[in-house]
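The next block holds one structure in the form of structure tokens; read it before the comments.
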Amino acid sequence: DLSQSPFRDGEGVKALTTWLRSFPVAHLLVGGCGLTDSQVEGIVHALHAAGSAETVDVSSNGAGQAACGALARWLRDP
């Protein structure tokens with residue numbers, strides 16, 4: 001559970017997405033981390049590349065059209 005973690009810098013998010021591409025996770029909770037639209041989009045793409053996760057919480061971040069589009073594509077084709 002990484003909720004409320006300050007992932008505002010690019011290096012922390014880059015490390016997280018690299019890890020997510022390498023290791024499938026069952027649950028990822030990053031709600032309220034202050035992530036931008038492109039950071040949420042990158043996390044979703046990494047999860048999609050690694051395989052399916054049972055629970056993903058990206059709520060209370062700056063998700064916009066790009067992140068929502070990535071989430072929709074992932075839900076249609078996990």
Treat each ILVMFWY residue as a node, draw an edge where side-chain heavy atoms are under 4.5 Å apart, and state whether L20 and W74 are in one component. yes
Joint hydrophobic cluster, V56 plus F23, side-chain heavy atoms closer than 4.5 Å: yes
Heavy atoms only: give me the nearest [X]-[Y] pair and the separation to one decimal.
X	Y	answer
G34	Q39	O-OE1, 4.3 Å
A50	P24	O-CB, 4.0 Å
V25	L28	CG2-CB, 4.3 Å
A67	V40	CB-CG1, 3.6 Å

Applying side-chain hydrogen bond (donor to acceptor under 3.5 Å, both in side chains), which residue pairs with at least one partner in residues 24-34 are found, sequence neighbours left out? H27-T55
[X] [atom1] to [Y] [atom2] distance, which is reported to the nearest 0.5 Å:
X	Y	atom1	atom2	answer
R76	L71	CZ	CG	11.0 Å
E11	L16	CD	CG	12.5 Å
L29	Q4	CG	CD	11.5 Å

Residues in side chain to side chain contact (heavy atoms under 4.5 Å, CB included) with Q65, at least two apart? none
L35 vs V58 side-chain heavy atoms within contact, under 4.5 Å: no
Looking at side-chain heavy atoms only, is the closest gap between N61 and C33 below 4.5 Å? yes
D57 (side chain) donor-acceptor with D1 (main chain) under 3.5 angstrom: no
